[in-house]
Asks: 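Before I ask anything, here is the structure I am working with.
Below, read A as the first sequence line, B as the second, and so on, with proteins coming before strands; counting in each chain starts at 1. It should be emphasised that the depicted structure is a prediction, and the values quoted were computed from it without experimental measurement.
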Amino acid sequence: MDSYDFKEAEKRIIKFWEREKIYKFDAKSKKKIYSIDTPPPTVSGKMHIGHAFSYAQQDFIVRYKRMKGFNIFYPFGTDDNGLPTERLVEKTKGIRAKDFSREEFIKICTNFLKEELPAFIQDWKNIGISSDFDIYYSTINEHCRRISQWSFLDLHKKGRVYRKDAPAMWCPECQTGISQVECQDKILKSKFVHLVFRVDGKDIIIATTRPELLPACVAVFYHPSDKRYKALKGRMAEVPLFKFKVPVMEDERVSMDKGTGIVMCCTFGDQTDMEWQKAYNLAIKEAISKNGRMAEIAGQYKGMRIKEARANITEDLKKQGVLVKEEGIEHAVNVHERCGTEIEFVKSKQWFVRYLDLKEKMLEWGNELKWHPSHMKHRYDNWIRGLQWDWLISRQRYFGVPFPVWYCKKCNEVVLADETQLPVDPVKDKPKKKCKCGSADFEPENDVLDTWFTSSMTPQLAIQLMPKNMQESLFPMSLRPQAHEIITFWLFNTVVKSNLHYSKNPFSDVIISGFVTLHGEKMAKSKGNVIEPQAVVEKYSADALRFWAASSKLGEDMEYRENEIVAGKKFVTKIFNAARFIFMNIKNDKDKKTRQPKKMEEIDRLFLSRLNEVIENSTNAFDSYEYSKAKSEADYFFWHVFCDNYLELVKRRTYSGTKEEKENALYTLHSSLLAILKLMAPFTPFITEELYQQHYKNQEKEKSIHLAGWPEKFRIAEKKDDADKFNLLIEIISKVRQAKSEANKSIKAEIILTIEKETKDKLKGIMQDLTSVINAKEIKEGEFKVEFI
RNA sequence: GGGCUCGUAGUCCAGUGGUUAAGACGCCGCCUUCACACGGCGGAGACCCGAGGUUCGACUCCUCGCGGGCCCACCA
């Protein structure tokens, strides 16, 4: 074969891996298990380059562990119960979720996924991810709904979930509660109005952009160190227009330089308002109701839309002379990304997971994990320290895992589903028993669970696909690989859930990958700066893509440059050609010398000694998750030691050496190439598999290089000054090449070389190799000199 | 505003309390019987973001800046 056709080969090799079940988890094996809590990618389109980058990085580790002899449990799931999938379906099908019943919409989504998923998952296969794709879950399927609902029931049993009235983000236009991901920042024009509040007959001026919230005002705040208002502490302020009185209080959350430095607090104004309500146990007043209109307490403004009320109230404030100043401003507000409407906080009944009391324990759980890189733990800690609320898990969406809950119409009692009937859809199904009060008339819970509530169960989602007797040995898992921006969501929630359910951490090690940037920014569809990995694979091969991904350390973001991928492609070509040279000289199995010769040539010994160093360094690097170091060790050795020097040194013997010399050379070439292939197999699984299949399969036990053992050091007699001797040889070769280049001579030009006697003595045993590689007619003693003939 | 992180040749990145600061891409020059021109060899190219400090000595440790990024918070 003259050249390597990666397009043909990679397709063929993927099929080979699938057919031979190379990556199958062996449930019967006695080998030690290494299990991975694989991130389930969100189904919202195609695999993007960031996916390719981080999944390749976790795959390096997994492939290494597999070669190290572990029984690998590497499942694959897709996260498709969330809003992104819902949105994708709506977009692709041109429909709107709210026009369907939940059951209908779920059916549409499920069918859609059934069609789209194989192509979606194929992208992961195409970049050589070595998951056992038969261990598969989809976070919306029955299996996952059952586990997610079980989780809810279990937490309920443990007293960890509760339902209560709480402010929720609400879109008055769409009339639905929304989650944080549905919010968007938008710069809007607004008016800052300065209003007069009266305190003990004195006027104080308060600025606000929301005069329509005046009827919900419950207090006014200033900063404790603000001397202007210090005297007012504990007094009552009279709210303009509405004429009721609220206390003047101090709190550090006020910024002295904003507005007039004194602010009104309305229970559902914004986040801070709600914090104050909670902190000082202030009254709860609702100015805006769910339909987006003014509520009862707005008096004459009741029933008006928000903007209408704002205009009317502003007008009336002016009339009464209590509006002293009006200034136009621009500020960022949260809007509903679908309709652009400003988000309100509205009181409604929501389910929560109670966990604020566990902050100390959460920090301990984090300490018990082994973080790679270690600084990523700070993000976890920092998030916990800043936690202010219990986990709100209800979402007013359609496509998601329903709460396994009904409410008794007669006595309002919460009725839970029975574990045996999971998964349930309360809208469609009925409780197994009557309510305690005897009634059988139930109201279903319409909300669905936060998608993180389900994805925080990924270890169980995967493990429970296995036979019961296996499950215990798979949990906790060995490794959680993921990206850093979701430490506070996915990782945190998984750790919490696992500890609440099972009183232990879900995994022991965590590896955090960075992401791909373009011009310094994270690649994202919304920024329009995406590179499609599919196109990269098509043009340069999956090996090249992975080779590039291996050049960045864990946790480091990397700037995308197409040129870097070229280096990977060159590596593939180079190793193919190096193998071609070797096997040009080894025509058949008879020529293969797999046993180490009794009397080894000095140059071979020196070379293998150097290779041993690489094997050791590479292994150590992998053991501490430093795959990029492992890769550069092997890559450097292959290119600069093996190809640039050793192959040239050994040519004399392979072309014109004695039988013994030749056999010795071929042994070293044959066995060192295998070691190099193995060292590179985690990174470039395709070309290494191809060469293994072509040249090594017959003599090796395993049917794939990826099942073959990780290379062991060669058993040779190593001496202290081996490295010095080898480096000295290479240094001289390099100096001769330099001289030839400067003289514009061919690299093969014949020369007479002069070197110091001392140097010559040091190179005892390898002078003949030196002579041939530089094509010297003679090597003299004296000051270093290169003469052309 | 808070936390974390990064800042090394035109570009992407290695790296260590004392090195001739590594490699790759790009650039320039030379080299074609004998694995590879999808190549080889050689070369040019870096006051290691800035200012202080610790030290006999810092690109490497500390402090403060400046700049990029991510997450969180804020958005009266």
Asks: Taking the side chain as every heavy atom from C-beta outward, state whether A/Asp769 and A/Arg652 have any pair of such atoms under 4.5 Å apart.
Replies: yes
Asks: When you measure from the centre of the six-membered ring of A/Phe60, is the NZ or CZ of A/Lys631 under 6.0 Å away and within 45° of the axis?
Replies: no
Asks: Taking atom P of B/rA76 as reference, at what distance in whole Å does atom CZ of A/Phe345 sit?
Replies: 10 Å
Asks: Do any pairs count as a salt bridge (charged side-chain N to carboxylate O under 4.0 Å, His left out) and have a residue in residues 547-565 of chain A, sequence neighbours left out, and if so which ones?
Replies: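 The answer is A/Lys539-A/Glu562, A/Arg561-A/Glu564.
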Asks: Salt bridge check, A/Arg653 against A/Glu661: does any charged N sit closer than 4.0 Å to a carboxylate O?
Replies: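 No, A/Glu661 and A/Arg653 are not salt-bridged.
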Asks: Round to the nearest Å and state the distance from A/Lys569 atom NZ to B/rA24 atom C1'.
Replies: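 Result: 16 Å.
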Asks: Run the side-chain donor-acceptor check on residues 666-676 of chain A: report pairs under 3.5 Å with partners two or more places apart or on a different chain.
Replies:
{"from": "A/Thr668", "atom 1": "OG1", "to": "A/Asp604", "atom 2": "OD2", "distance (Å)": "3.3"}
{"from": "A/Thr668", "atom 1": "OG1", "to": "A/Asn664", "atom 2": "O", "distance (Å)": "3.0"}
{"from": "A/His670", "atom 1": "NE2", "to": "A/Gln699", "atom 2": "OE1", "distance (Å)": "3.4"}
{"from": "A/Ser671", "atom 1": "OG", "to": "A/Tyr667", "atom 2": "O", "distance (Å)": "2.6"}
{"from": "A/Ser672", "atom 1": "OG", "to": "A/Thr668", "atom 2": "O", "distance (Å)": "2.7"}
{"from": "A/Ser672", "atom 1": "OG", "to": "A/Leu669", "atom 2": "O", "distance (Å)": "3.3"}

Asks: Between A/Lys7 and A/Asp5, does at least one N-O distance fall below 4.0 Å, as a salt bridge requires?
Replies: no
Asks: Using OP1 and OP2 only, check whether a side-chain N or O of A/His640 sits under 4.0 Å from B/rG40.
Replies: no
Asks: Determine which nucleotide pairs with B/rC41, using a 3.5 Å limit on both distances of a Watson-Crick or G-U wobble pair.
Replies: B/rG29
Asks: Once you round it to whole Å, what is the distance between P of B/rG3 and CG of A/Asp381?
Replies: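 About 14 Å, once rounded to whole Å.
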Asks: In whole angstrom, what separates A/Met584's CE from B/rU33's C1'?
Replies: 12 Å
Asks: Between atom CZ in A/Phe6 and atom P in B/rC36, what is the gap in whole Å?
Replies: 21 Å
Asks: Under 4.0 Å from any atom of RNA chain B, heavy atoms only: list the residues of residues 738-748 of chain A that qualify, in numerical order.
Replies: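 Correct list: A/Gln738, A/Ser741, A/Asn744, A/Ser746, A/Ile747, A/Lys748.
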Asks: Have a look at A/Phe515 and say if it touches a base, only the backbone sugar-phosphate, or nothing, with a 4.0 Å heavy-atom cut-off.
Replies: sugar-phosphate
Asks: Do A/His48 and A/His51 make the cut of ring centroids closer than 6.0 angstrom?
Replies: yes
Asks: Would A/Lys740 pass as a cation-pi partner of A/Phe788, given that its NZ or CZ must be under 6.0 Å from the six-membered ring centre and within 45 degrees of the axis?
Replies: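 Judged by the rule (NZ or CZ under 6.0 Å from the ring centre, within 45° of its axis), A/Lys740 is not positioned above A/Phe788.
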Asks: Whole-Å distance between B/rG3 P and A/Ile512 CD1?
Replies: 21 Å
Asks: Could you state the CZ-P distance from A/Arg580 to B/rG39, rounded to the nearest angstrom?
Replies: 13 Å
Asks: Rounded off to whole Å, could you give me the CG-to-P distance for the A/Leu647 and B/rC41 pair?
Replies: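 These atoms are roughly 11 Å apart.
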Asks: Nucleotide by nucleotide, 5' to 3', does protein get under 4.0 Å of the base (B), only the sugar-phosphate (S), or neither (-) in nucleotides 5-15 of chain B, counting heavy atoms?
Replies: SS----BBSSS
Asks: Look at the side chain of A/Trp383 and decide which nucleotide, out of B/rC72, B/rA24, B/rG40, has an atom nearest to it.
Replies: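 Selected nucleotide: B/rC72.
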Asks: Just wondering, do A/Ile751 and A/Ile774 contact through their side chains at under 4.5 Å, heavy atoms?
Replies: yes
Asks: Determine the contact category for A/Cys266: base if any of its heavy atoms lies under 4.0 Å from a base atom, sugar-phosphate if only primed atoms, P, OP1 or OP2 are that close, otherwise nothing.
Replies: nothing
Asks: Could you tell me whether the side chain of A/Phe683 reaches within less than 4.5 Å of the side chain of A/Phe571, counting heavy atoms only?
Replies: no
Asks: Can you list, in residue-number order, the parts of residues 214-222 of chain A that come under 4.0 Å of RNA chain B, counting heavy atoms only?
Replies: none
Asks: As a test of reading the structure: which of B/rC72, B/rG23, B/rG26 is closest to the side chain of A/Tyr636, going by heavy atoms?
Replies: B/rG23
Asks: Using the side-chain contact (heavy atoms from CB on, under 4.5 Å) criterion, which residues pair with A/Glu626? Sequence neighbours excluded.
Replies: A/Ala621, A/Ser624, A/Lys629
Asks: Kindly say if A/Lys631 contacts the phosphate of B/rG23, meaning a side-chain N or O under 4.0 Å from OP1 or OP2.
Replies: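 For B/rG23, OP1/OP2 do not have a side-chain N/O of A/Lys631 under 4.0 Å.
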Asks: Is A/Lys285 atom NZ crowded by more than 12 heavy atoms from other residues, nucleotides or ligands, each under 6.0 Å away?
Replies: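 Yes, because the 6.0 Å sphere around NZ of A/Lys285 holds more than 12 heavy atoms from other groups.
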